[in-house]
Structure formats: C-alpha cells, structure tokens
Asks: 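A single structure is presented below for examination.
None of the values given here were measured: they were computed from a predicted structure. Here is how names work: the chains are called A, B, and so on, in the same order as the sequence lines, proteins then strands, and each is numbered from 1.
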There are 8 protein chains.
Amino acid sequence: MIDEILKNFQEGKTNFDEAKCQLENLLYKDLGFAKIDNLRQRNKGFAEVIYCKSKTIDQISCIVRTMNENGTKNILLSRISKEAADEIKKIDPDAEYSEIANMMVCFKEKQETSGGKILVVCAGTSDLPVAEEAVITAQAMGNEVERLYDVGVAGIHRLLKNTPKLREATVIIAVAGMEGALPSVIGGLTNRPIIAVPTSVGYGANFGGLSALLTMLNSCASGISVVNIDNGFGAGYQASLINNLLKEKNL
Amino acid sequence: MIDEILKNFQEGKTNFDEAKCQLENLLYKDLGFAKIDNLRQRNKGFAEVIYCKSKTIDQISCIVRTMNENGTKNILLSRISKEAADEIKKIDPDAEYSEIANMMVCFKEKQETSGGKILVVCAGTSDLPVAEEAVITAQAMGNEVERLYDVGVAGIHRLLKNTPKLREATVIIAVAGMEGALPSVIGGLTNRPIIAVPTSVGYGANFGGLSALLTMLNSCASGISVVNIDNGFGAGYQASLINNLLKEKNL
Amino acid sequence: MIDEILKNFQEGKTNFDEAKCQLENLLYKDLGFAKIDNLRQRNKGFAEVIYCKSKTIDQISCIVRTMNENGTKNILLSRISKEAADEIKKIDPDAEYSEIANMMVCFKEKQETSGGKILVVCAGTSDLPVAEEAVITAQAMGNEVERLYDVGVAGIHRLLKNTPKLREATVIIAVAGMEGALPSVIGGLTNRPIIAVPTSVGYGANFGGLSALLTMLNSCASGISVVNIDNGFGAGYQASLINNLLKEKNL
Amino acid sequence: MIDEILKNFQEGKTNFDEAKCQLENLLYKDLGFAKIDNLRQRNKGFAEVIYCKSKTIDQISCIVRTMNENGTKNILLSRISKEAADEIKKIDPDAEYSEIANMMVCFKEKQETSGGKILVVCAGTSDLPVAEEAVITAQAMGNEVERLYDVGVAGIHRLLKNTPKLREATVIIAVAGMEGALPSVIGGLTNRPIIAVPTSVGYGANFGGLSALLTMLNSCASGISVVNIDNGFGAGYQASLINNLLKEKNL
Amino acid sequence: MIDEILKNFQEGKTNFDEAKCQLENLLYKDLGFAKIDNLRQRNKGFAEVIYCKSKTIDQISCIVRTMNENGTKNILLSRISKEAADEIKKIDPDAEYSEIANMMVCFKEKQETSGGKILVVCAGTSDLPVAEEAVITAQAMGNEVERLYDVGVAGIHRLLKNTPKLREATVIIAVAGMEGALPSVIGGLTNRPIIAVPTSVGYGANFGGLSALLTMLNSCASGISVVNIDNGFGAGYQASLINNLLKEKNL
Amino acid sequence: MIDEILKNFQEGKTNFDEAKCQLENLLYKDLGFAKIDNLRQRNKGFAEVIYCKSKTIDQISCIVRTMNENGTKNILLSRISKEAADEIKKIDPDAEYSEIANMMVCFKEKQETSGGKILVVCAGTSDLPVAEEAVITAQAMGNEVERLYDVGVAGIHRLLKNTPKLREATVIIAVAGMEGALPSVIGGLTNRPIIAVPTSVGYGANFGGLSALLTMLNSCASGISVVNIDNGFGAGYQASLINNLLKEKNL
Amino acid sequence: MIDEILKNFQEGKTNFDEAKCQLENLLYKDLGFAKIDNLRQRNKGFAEVIYCKSKTIDQISCIVRTMNENGTKNILLSRISKEAADEIKKIDPDAEYSEIANMMVCFKEKQETSGGKILVVCAGTSDLPVAEEAVITAQAMGNEVERLYDVGVAGIHRLLKNTPKLREATVIIAVAGMEGALPSVIGGLTNRPIIAVPTSVGYGANFGGLSALLTMLNSCASGISVVNIDNGFGAGYQASLINNLLKEKNL
Amino acid sequence: MIDEILKNFQEGKTNFDEAKCQLENLLYKDLGFAKIDNLRQRNKGFAEVIYCKSKTIDQISCIVRTMNENGTKNILLSRISKEAADEIKKIDPDAEYSEIANMMVCFKEKQETSGGKILVVCAGTSDLPVAEEAVITAQAMGNEVERLYDVGVAGIHRLLKNTPKLREATVIIAVAGMEGALPSVIGGLTNRPIIAVPTSVGYGANFGGLSALLTMLNSCASGISVVNIDNGFGAGYQASLINNLLKEKNL
C-alpha cells in the first residue's frame, strides 16, 4: 500500500498534500486512530459532521479530502478556526465559512426539504455564535430555517409581536444565556416542540452557563427539552431529525 | 353569586361537595388562587394537566369537577396519591389510576392518532415509575405508545436485538438512572429524535439523578435532548408534540 | 428577684404561666440566652419579629408575654406552628394566624401608611406560602399590600394584562420557584424596584431552589435584587423599608 | 435607504465613520441584530445603558452615534475597554472614562435629583472596581452619591464611627468580597434598605465570589437583598430606582 | 475466657449486664470490632471520648464499664441520646447529662487547669447546641471556660461591649450559622487565636452550613482557623490543646 | 562534601551539568527537598516514576542522573514537556518520548512479562493522550499491552465486533470523556476487571470531566472501579499490579 | 399458559405462593418487566445477584424461586431487609442473613477458590456495614476473605503492625468514611492492587461521602482505584474478578 | 499640605519617588483608599502585613516607605512579584525575598521568641510554596520555625521516624494537596494543636484544592483546624498567635 502511494506521488498522479494525507490515513489505521468509515457510520443520514476542535489542520484537511473522494456531500465542520477554514477552501473553493459560528459546510449539495420550517430564536446578541451554529447545522441537513434574534424576555413585547412565527414553525430552537428564561415564555405562546440551548453568556453566578441550564430544565412550560451548554450543533441536529419526520410517508 | 350557590344547595340542585367546590372556586378568585381558565390556557391543545403534588384532595376534586362541567376531556392528573385517586373515581368512575406512575386520566375520549408511534425505552426496573409517567402522558394526548423495558447498557444484547423497533418509532423516550448511558447507545442505532429522561435511581455519588443528567447532556451521540430528572410527564408531552406533527397537512 | 416572683405568685398577683415565664427569663439571663432587649434592638423600628422555628412553645409564649408587658405592639411571629399559634391566642385573642404562611401577628395596632403600595406577585399556586409570608410581613410593618397571584411566565398574557398594576406599585416582590423567570419578565414591564424571592418549589434539578436563585441573580433585566430561597419575610421586610421612604420628609 | 446613505457620504454630508455606522445599522436590521430601538425600550427611563463586553469598538461607536442622533442623553457604557473609550471620546470629547470601573458616561446632562442620597460602602481596596461601577451608574442616573471605602469588618471601628452616614442615606450599596460580612454588620446599624454586592475578590475556597454571595443571601440582618457577583451596575441601577421614588408625588 | 465469665456470673460475682458486656467485649475482639485499647490510644491525654451516634446503648454501656474498670476518668460521651444517657447514669450516678448538647461526662475527676481561659462565643440561640458541645468538651479536658452567647453581628454593640473578654481569653471559639460572620468581626477586636465553628443553622441557600463554612475560610481577618460544620467537639478539643500549652514548662 | 564535588569538577572528572546536579542534590537535602531515596521507596517494585509537571528541567535531569548512577532502570517520566524530554535524551539517547502522552521512559530494560495482557480501550480520538499515558505506563512496568481505540458507545458495533478481545485480556483499561458510558457497556460484555478512566474531554456541562467521572462511579455494570480524571498513569499502574499477580507462584 | 398454572394450583401441584409467582412471572413478561434470563446474563459467571432495595418481598421471593427452579446456586441478595430475609428463609432454610450488611446468600454451594486471599480493611466501626457487604459478596463468589477492621489512620500503629497482611493478600479492599485517607496509607505499605470504597459516614462538610470519595480519587499513592460511595458490593465483585485471575491457566 | 510636599521636593529634601508617594498618600485619603493607619490597626501586634496581589508596584513602595517613616519594623509583603521585590530592595537593601513563597520581609528587627517552636510539615515538593509562606510569616512574627518536608502519607515511614519532632513542637502546621491526608496521620502521633493547610496541588477531581480541604475538615483525628486553600500566611499567623501565648505571664 505504501508502495503504491509513493509511486503515484513520484509519477505526479498525486501532489504532496494528497500523498501525505493518504499516508496519514494508513497510519491512522495502524495506530487505531479515527477512521473515515467510523465517522460516516456515526452520523446518521443527512450530512457528515467533523468536530474540529481537537484536530490539527492537517488532520481536518485529510478527513475532508478522503470523504470527498468517497463521494460524501454536505460535510459540516464545527468549531473550526479561521486558519483551518482557509486551508479547507483550497479543497472546496465553494465552501462557506461562518466566522461567528466557527462553522463551515463543504461540498454542499441541494437537499429535498420537508416543507416544514425550523425557527431559531435567541435572547441577546451575545448568544449569536450558538444560534448561528444551530442555523448552519440545520441548513446543512437540508432544512428551511428562519431566524428571530434579540428577543430576550426583559423586553417581552419584541417576542410577543412575533407570536405567529412561533406558531407556524415545525420546531423551535430557543437559545439564551444569563437567566435563560426565553424557552419558558415561548412555551406559553406555542404548541410546537422547543429545543432549549443554554449558553455560557453571563458573569458572576452564572457558572459557565449552569444558571441557564438549570432554568431550562426546570421550566414550568411543557414541550421543552434541553441540550448541553453552547451546543448549537446538537440543537440543530435534533431539530432537523424532527422536521424531517414530515418527509416520510410510511412511518 | 354566593346567594345562588347556597339556594341551589338548599333546593337540592347541588349536593354538598358540589356546593363546597363552587364556593371554593369563588374564594379562589377573591384570593387570587389558581383559576380553571388559567389552567386551560396553559395546556396547549391535547389534554388538560393537573399537577397534584401540592394540592389537597378537595382542591383536585374541585378542579376536575369544574373542568368537566366546562366540557373538558382527557384530564391528566400527575403525581396523584392513591387517596386522591379514589376520590376522583367518585367523579368519573371510568377513570384509570396507575399506581406505579401515580397518574390518572379522567373523562377519557378517543382521539385521532397521528399514525406515528412513540417508543418508551427504560434501563432498569427501578426506572419504571418515570417511564410509565411518560407512557400515560403520551397516551392521554392521543398517541400510540410502545414499551421496551429493562434494556440497560450493561446487557447490551437485549437492546441490540430490538434495533428495528428503535428505527420504526417516530420519536423515542429513553429513561435511565444510575450512569444514564442508555440514550447514547440508542443514538448510535437510530436516526429518530430521542428525548432522554434522567431518573433519580441510584445511590452514593449519583446525587439525586445528577450523574444521569450530566451523562445525557454530554452524550457523544447526536439527536438527543434532555428533560428534568424524573420528568416523565415532560418527555411524554414533548414526544407527543413531535409525533403529532405528522397529523398536520399544511405546516 | 426570685423571691419577688415567687411571692407575687403565692399572693395570686401572677398566675402559673406568668410566674414560669418570669423565672425562665431570669434563667435565660444567667445562661446567656436570648434577651428581649436584644431582640428589640435587632428589629429596626416598625415591628418586632420572632423567628419561631427553633423555639419551644413555652419560649415563644414567654417572649411574647414579656414584649407585651414592655408595651411592644405589632409582634410578628414567623414560621410558627399551628400548635404554638393556638397557645399565643390565649395571650392575645385578637391575633390572626395564617396557616398557609405559618405566620401570626399579635397586639396589632394601626400604623400610618406611606401612601405607596407594595405589590406581591407570584408565579404558581405552590409559591403561595412564601408569597403570603411576604404579604403578612409587609402588612404588619404598616404597608398597603396588593396581591397578584398565579401569573407565571408560561402563560404570559395573564401577567401582561396586569401591566398597569406593575407600574403603579412603589415596589414589587416577585416570588417564583421552578425556573424563576418571573422577575425578569416583570423587569421589562416596569421601572419599579423588584425584590425577587426564589422558592424551593420544583423537583429534579431544581436542587432545593438553587435553579430559581441562579436565574434571578443572572437576570438580564435591570432593577432586580434577590433574597434567600423561600425568604418571604426578608422580601417583605426590605420592601417595607423602601416603601416607608415615602413617609419621610427630610432625608 | 442605501442610496441615501451613499449619496450623503459622496456629497460630504457624512464622513466615513458615520456612513459605515449607518450601513451597519441597516445590516443589523436585516440580520436581526440588536436594534437601537430595542435598547432604548429595555432601559427604563433615566439613562441608556450599553454593555460593551461582547461588542466590537465599531459596534459601540455606531450605537453611541445613533443614540446621540436620536437625541439620547446620559449614555452609560459599562465594561468598556480603554481602547474603546478612546474611540468614544472622538464622538463626545466631554465623556469621562473611569479606568478603575471600566465605565464611561457620554452626552451627560444635568438631571433633577431626588433629594435623597445613595451611600456606596466597600470592604477593601480590591473591591473598588465594583464599587465604582455602582457609583458611576447611580450618578449617571441622576443621583447624589457618597462613598465610604475600606471599612471591612475586620476593623469594625472604621465602620462604626460612620454610623451616622449609614443612617442618613436613602439606600445603601454594600460591596464586599472574601467572606462578604459587611452588609450584615451594616444591617445592624441602620434601617435603610441595603443592596449587597458580592465580589469575586479572594482566593482558595471563595470559588469566584460564591462565598460572599452565600454569606449575603444568608444574612441574619433584615433589610438586605443581593445582586449578582461583581454586578456593581445592577446595584447602582436598583438603588437609583429606589432613591428616585422620592421624586414622585402621586404614587 | 468464656468459662471464667460464665462462672463469675453463676457465682454472682458479676450481674447480668456485666457478664453480657464482658462477653460482648470478647466477641468484639473476635469480630475485629472497636477495642477499648484502641479507643484509649486514639484520644490524646486529657479525657477519653466516645462518639455515640452510631452505637447501640448496649455498646456504649459496655465501653464505659470497661473503661471504668481500667481506671479511666473523665469519659466524654458525645452525640448521646437521652435514652442512652439514662442508662449510663446507672453506671455512674454522678454523671451529668446536657440535653442541649447531647453530651455527658462520667467518672469526672478534678484536673489541674492551665490558668488560661477559653471563651466560647456564639451568634444566635440556634447555635447553642454546638456551642455547648464545645464548652463541655473543653471543661471535661480540664479547662476554665466562659460563655458569651447571642452576640451575632447584626447587633454589633452586644459584641463590642464585650471586647475586654475577647482580649483576656487564651483562645476563642466562635460559633455561628447563617452567614457566619462572627469570627471575622472578633478577629478585628483581639489578637487571640480563634477557632471558628460553622453551624448548619439557617435555610435556603445555606446548604447545610456550607455558607457559614465558606465565610469562615475566606475571612479577611487573620488568626482564624476552622473546624467542620457543627463540630463543637473538635473546636473544644483543639482549644484545650492550645490552652494547655500554658501548663508546660519545658517545651 | 562540597570540596569533593568541586575538586572532581576542577579535575575534569565531572562535567558542568554533573557537578551542578551533585551540588543541587546536597542543597535539596539541606532544604528538606525531595530525595531520590524517598522516590525509590515510594514506587513499588517495577519502575521508578517521576511526575515532571511542577519540576524544572534542571531538577528532572538531576533526578534522572542520580537514579541512573544508583543503577535504576525503567525510569518513567510523566507529564514531561518536549523541552525537558530533549534534555533527558542527552542523558539517555535511547529514551523514547511520546508527544501525545507527554511521557518518556529512559534506561529501559527488558522485564519478564506475566503472560497476561492489558487491553486499553478508548472512546474517541480526543481521549488518546490519556489512553497512551496508560499504555506507556503499563509497558514500562513490563506488561504486554494491546490498544483498541475509537470505539465509543455512539457506534456500538465497533465495540461489539471486538468482544473476543474484551474477554481475552487479563484486565481492561477503559478511557472515555463526555458522557463516559464506555466502561458500562464493556462491563456487560466481559468478566474481566475494568479500570475506568474519565477524561476532561468535552464542553458545557461536562465540568472538566465531572460528568464522565460520575457516570463511571454510578455504572450499573459490575466489575468496574475508577481512577481520577485524566489519570492514565494511575490506571496503567494498577492494571500492571493486577496483571503481575499472574507472575507469582505462592500467593 | 395461565390455564396450566391455574390447573396445577387447583390440583395441589403448586401451593399459593408458587402459583402467584408463576403468574407474576407471566405478567412481568407481558409488561416488559425484569426477566430472570436477563438477570442471569447480566451477572458474569460466579454468582447471581439481586439488588433488593426497590423490589417488594413478593418480587424477591418470586425471583429466587424461579432462579432456584432453573438450578441457579449462590444467589446473592443485596440491600435486603430483615422482613424480606425472613421470607426468603422459607424458600431456603439454610440461607444466612447478615443484618449488619443487609445481605443474604441462598442456595450456597462450595466453589473452588483461587488460592489467593482478599483482605478487607476498614477505618472505623461505622464503616462496618459497607465492609461486610464487600466481605459477603467476595465470599459468595468463592473467595477466601480476611478482615482487618478499625485501623483508621488517626491511630497509625494499629495499621502498621498489620503490614505483613497487607503484603500477603492478592487484592485489598480499603473502606473508609470521614476523610477517607486509609487507602493512601495502605498504598505506601504494599504493592497489591487496592480497591477503595468511600462511605457516607461522617457529618457536616462530608456531604454524604463526597469528601472521602474525592480523597480517594486524588490519592498520591499509586495502585488505587475507587468505587461508588457505600458500594461494598461493587468492591467485593471486582476484587473477586481480580483474585480469580489466579485460577485460570491459559490467559 | 501639597505646598509643603512640593517645596521639600524642590529643595531636594525629598527625591522624586518620595514626593510622588507623599502626594499619592494624600490622594488616597481624599479618595477614601487604603490608609496606613488602617493597615496598622488591622494587623495585631507582631508585624505589619501587606497583601500585594492587587496592588501596583508604586502603591506597594509607597506603603512601605510610609510605614518605615512611621517607624514600623518587620513589614511582611505577601504574594509579591519578583519585579515589585526588586523595587522594594531599593528602599530596604537588607530585605530578603523568597521567590518560592513570593514573600519578602523588610526592616527586619530581632524579636524576642517564646521559647516554643513551630513545626511546618508538608507532604510533597509541590506544596513547598505554601509551606514556605507559612514559614516566613511565622519567622517574621518572631518565632523559631523548623521544617519537615516531603513526608506525604504514601511513604508513611518518612513521617513516623520524625515522631519526636511532632511531639516537641508547640504547634504544627501541616500542608498538603491532592488527598490531603497528612494532618490526620500527624493527629494520631502527637497531642499538639495542628493547623491544616490544603493546597491546590493536584489535577482532575481535586477541584482546585477542594478535595484536600474537605479531607482536612472531615479528619477523624482530633486537634485539627483548617485554613483556606493555599493560605500559608493564615496558618503561619495563627500558629504564631498560639506560640506566643507562652511569652505571656499573666493571662
């Protein structure tokens, strides 16, 4: 196997980066590292997801390259740095990078939508990175998404006048830091399922998002479930699973 | 108003309990207590829910009576004691009481189902009260529900041989105490949305369910969201909202 | 001193209970126990407060008796049991006992009010004991108090239609358990100072009121400060200090 | 709208910064970002507040500019860096920057005071940034403020000899880190309402201010409520609401 | 051995209780249970201590009997119930039982004192059980002890007028629940070593004494160290070790 | 002693580094610092371990040098930086450095193995540093080790197909972050003792590894014990003690 | 099936209890309750374990009966009450009940031992219930067990003189509450693997065993792993797995 | 006042630094900052202490200068950086700086010792900074101090052979991180009072020293009290108060 890779490189069939990646792939297998096959199998159906935080730029590039060679589309890269994103753009120049959400989608391909719509609501401007992570995830998985931002409960009228939107969506993602009361209020205004995302925004006794997490778990409104602190990706993923139920005919 | 109530009672139009309840209702309004109208409005669409834990038997009876007089059906009573349930049976003799879940549904009426199915999975026999609370809630809200019990991760094969069930359901409720690993494993076997319910079952460093709660929030599997510890009702409610999406035509 | 007490008792000038109380008072001083003088000095101006939880019925009776003999009026007894209250009624038959708040006021005397009004708002019926503790405290300290109950954020319209009340009050006490979001929403509707009281109402990850406490401390609305969990007395007390500012001419 | 902005810029009616800000404002609306109108509505009456921590210098400048164009006065910028402050000075050269409190007030305008006085007390020199945040907030909202610093409970006489000040103020803000005992002692010396501010000052088992927070919530003195750790702004804001009650005639 | 015990019993040399105790002693050794020798060795010098909470009345009686037979004096029984105390009185009729501290000292014997004095200070009447546990421990270990009770920081003058006492004592034990600020204030008034004892007195966010514990650990005053929550015994024991330093000539 | 060291240095018998180390060794003894003898005695039998985190490069070099002079083999350096490792290579050029585990073994010597095998399993690629720390520790202590990586529970089939490996090993080390469910599932597939290692991998409510730690302590599977968060060394050490039981003849 | 059960009962082939149990078994299967097969499979090899805490006496009896009919031996019942134990004695009159450990073993059968020995060490007499749970578990699984009790670190010599025992055992279980320091000291005296069991014994800031748990996880000694608070069963089970490694020939 | 300062500067009576310091002193008073008088009064008798962490080098210099001018001796500077220490050496060239403890003593003056000796014991080399902080504090306050380092409980014999030292000292300071078991073991070997200092040394579940803190508070040995995490200064200070009791004649 090494022979072949090196020969292809020598004959110019592969360039330096490609050869290096193929060799690293081999190495991974020997070492028992992450395998592309594993990754594929782990992500269920819609899009491939790579969590980039603890990976080197080389590792990310290499995984994207290999996925692409295997024909994978809609590859979602979460928690990716600007530097890594720049490198990935060399592989897929059409890939879009969201600096606010630290996310990127490459080898995007149009997907059939369910007809339903996911509404992403957030309380304050500081919650935007998490909200956008949810938005981009849901979009990459083929959903129509609408944003409703900066409607925190301290100015309740901003939220109230959007009540129709809260009732039309298939599923709602409610993102809030500090006291995290937004999902409770939304829960009183709609009967759509709500996925609540606590953020680590705040200071003092918010203990890195714990205050918002507890608020959401203890909501007196029904129809709310909660994902981990700052886990916009998780919320977008589950909202997509719910919204895509509408696509299926014979459940 | 008091005049009328007393006259009706005197003339035998109402019996003692009914008169007392009507008077208490009045009183509630004077005192600013819970009003039936409020309760109705709070519960969105499917069924009326009364959380009985901090209410006296008299108060519960009274609310049920008034709801029934207003024509309300499918009244769900959660965390209700055997004693209170016995009293309610005098109002609706057809009402069923689940002792394991401390729940009761009265003035039940057949509802149109969505065609989809909610699967309630639980890890051990000690998690049954919470799982049954989810089951009864979902049923009262007009859903077809299937149970898959005692399939904890320490005997993984019991779960694996039920993989088809995990894939056929519209939405899955996964109930587990102790280490709470069940939802993560299910998440790797299906692409249905999973609502995870941590239970307070365990001892030592489980800290009243905190261990299972943290496990579920930190799950490495996607498609999972979490409700409060022991909150079977909340999980059944949200699962119902999701499953009922299938009933709607024009979202 | 003992001589005199015994002689008065012998001569029928004092009855058994009075003599016993006088002797216990002596004893207290010898032992270094709570002294009435101390208690008086501790409570600043308006009313005398006795926290009954860790005191025997005899001790409570004795303190009330002595205070009364010293001419003290408006004695507030907090966390007092039905049994103790019955005993106190023998001393002051006009004293009113609130079973829901476990409070009692004796030797009540009309006080001049400030002209302002304290509004006590609570989220759910389970929060009533704490809310009533605040109400009775504020009333005993000579304030006009208005109640606005069962207006939790999950049914936001109940709160909104009371916006004028929220704006007319001098100071607002907002009582809520579970997720504790009520003060934040009120804070967006009024510019009156709000004293938030978290309650221990809830279950699972509410950790005895910690969730509501953190929510309130992290509120994104301005003008809110917080007292201890279930501390209705503390909120009523501070609200009274604020409301009574209006009485003063030359600050 | 864009046409107009560009034309004004071309014709020299606006300079580069102003044009950029106007365009960003537009963009914000499209994106659903923070809107000035929202901000105004959120802050109730006295002054406008901008929390600068998670905003870029450009965003801050832009909000200040737009507020000013709308005729807003007394704009309070909290948690603002020296760099951002320097930039704001170009917009309002009269704006004062407090480096210790990381605060700035611009377009200051004399406001009618209530006649009452807010006293800000702090325990140690390390608590100064939080205390000053309270002072500047209260001043910007039109209050007379007096400082009493470095009077921690370990040297109780420094506090005692200032008892008259504690009794003359309308409302007291008590700032303390470490064990946070200051408000309890003050509570025993005055019957004015006290707003306690725990600070994160300390080390070891102070857990980022948790020790002081718990101390203050559990105070045995009456008349104390608490704001979030290090939240000098929140204390100043509420103290101002209380102090301004004296301005009103017909409550 | 068993032979001898039974024979003595048969011959009336020992009564039933004594025989039973001797047999249990044997049994203990077989089982590896607590041995008297061990207990003796564990307690260093002054008095023997038996922690009674998890022991049966029989076990306690038996240990006291055996100790007494071995000539042990000043046996201190902590956390002992009224029932057990009554039983012990049959062994030593002179033993005194403190119901408030749940303590008992038997086979008391006059000990030489150091000349120094231990001062036990407590904040409120609810802290008395813990304070008395400290007092009785210190007395049993041969110390002169003085009490100064109900001098909490919310009424600071009660403490201040006792400043001379705070300066004359060899070592001070400061007991307080709720916010636990007492040791800090004392620390500013004296240069004697202070042993602080947090109590579990309080409610809400006091978390079983955690608030007072953290306050004391974070004290801004110097010369303070802390023992476990409600550990009056531990404080009395250490204070005694310190006070007895004065007895020694050649350190 | 100093004389001798300096003379040897002067005469070229020792070079600069050696002389410095000898002098520092002396100094350590004077100061009461770590002594080599102590270190040796602490590590029981197999290999010497030096925890490098809080030591300077000079200190580490010096300890290694001295150990080597005393004839010590298989010196294990944990949490060692690349810089320190480079320096140590000058002392033992054959020493191998693992950058991923921050570990190094020097003066390696073949050891007799027990015949049994330690299996190190890990959930995700982010857990590799901890897993490798366990591997290298176990190898340095003379064990045969096999790796099984990237088999987290969200893709359960990867683990299941390795069931034979789980049954053949003598002892299993199971490393996992996030929800930490891996050991529970393994526990259901084998009857070998399992040492579980929680890692700090994750974000939000994982609280630095607390979630995985609690999961493992609360495992519903039997045969599992747990070491500290990220403590790969501890797991490798204990697994080695267990595996080496097989070497002994006459226990 | 029901027919057969009832007919057998009618014909006297089964008595009332047996018939009831058979019917409940059927019911369990219908309901999805715990199945005996599941239980068997879960427990790996040596003995069957039934955790009795959340089961009724009827359920326990029924499971034991069915297991016995299936030929199961060495059935271990943990956390079983005296009442339930009395009932089980009717099924197996030879079964022994340990009241201190709340454990019972029935249908005991001699098992081949490994030759190695498990040593169970505990710190204080209050730790006995947990220690005995470990002892009985290990014995039921066919191990030779030795006890070493009441050797807490505050009297270090009691432990030191047993050093040979600590070195001869195959594996050591170290049980301790309060500060939990016992395993660390043992770890310095032997190179046998140590399983540490924190107990909930203590008061104040021990937080239900948390203090001992953290102590053991942070031990500076090597060769220690930890099980859940009060989990004597878990420690006995794992120790047995380790000790039984010695039985196997061809690992 | 300003006139005089400037004139002295102009005339060369003071240099630049001195003049600046005098002016800042003035300013401090105006601003309400820390006053030297306050500092003096706070520190009781032996030495002056300046906590340098949150002070600028200028502020520290200035305080030292002023103290010196007032004739203060034995000025202790804690948590002082190397840079600040270099600056202070310009004021007192004889001042010694301990880099390991970040401490400095200036204007040292021989003090009469008590005849007793303080023994500072620490568990591992990583605990040295905290132990040295205690040593230097105690020395600056005029005590004879002896060190006993690197005697952690995992190698118990190192500690045991120093038992005589543990019995000869007047008071013992025991410093330990990780599991913090050292004080418990010492408590079993001596009857001297022990001040325990938990350190933040460790990783994983030590939570910044919490594990060692809880261990020490829950110690089963008597005669131990505890100071804050890493608070070597506090321990040295209290030990000094205790040791100096021996100096006094007429307590």
Asks: Check whether D/Y203 gets within reach of chain E through its side chain, its backbone, both or neither, counting any heavy atom under 4.5 Å.
Replies: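 Looking at D/Y203, just its backbone touches chain E.
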Asks: Would you say E/E133's side chain and E/F233's backbone share a donor-acceptor pair under 3.5 angstrom?
Replies: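 Side chain of E/E133 to backbone of E/F233: a pair is present.
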Asks: Where does E/L160 contact chain D at under 4.5 Å (heavy atoms): side chain, backbone, both or neither?
Replies: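 Contact with chain D: side chain only.
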Asks: Can you name the residues that form a side-chain contact (heavy atoms from CB on, under 4.5 Å) with E/S126, not counting sequence neighbours?
Replies: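 C/S54, E/V201.
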Asks: Relative to chain E, which of D/S219, D/A181, D/G180 shows the most heavy atom pairs under 4.5 Å?
Replies: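 Among the listed options, the one with the most contacts to chain E is D/S219.
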Asks: Can you sort out the partners of D/K82 under salt bridge (charged side-chain N to carboxylate O under 4.0 Å, His left out), two or more places apart, ordered by chain and number?
Replies: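 So D/K82 forms a salt bridge (charged side-chain N to carboxylate O under 4.0 Å, His left out) with D/D86.
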Asks: Do D/V153 and D/E179 have side chains that approach each other closer than 4.5 Å (heavy atoms only, starting at C-beta)?
Replies: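 They are in side-chain contact.
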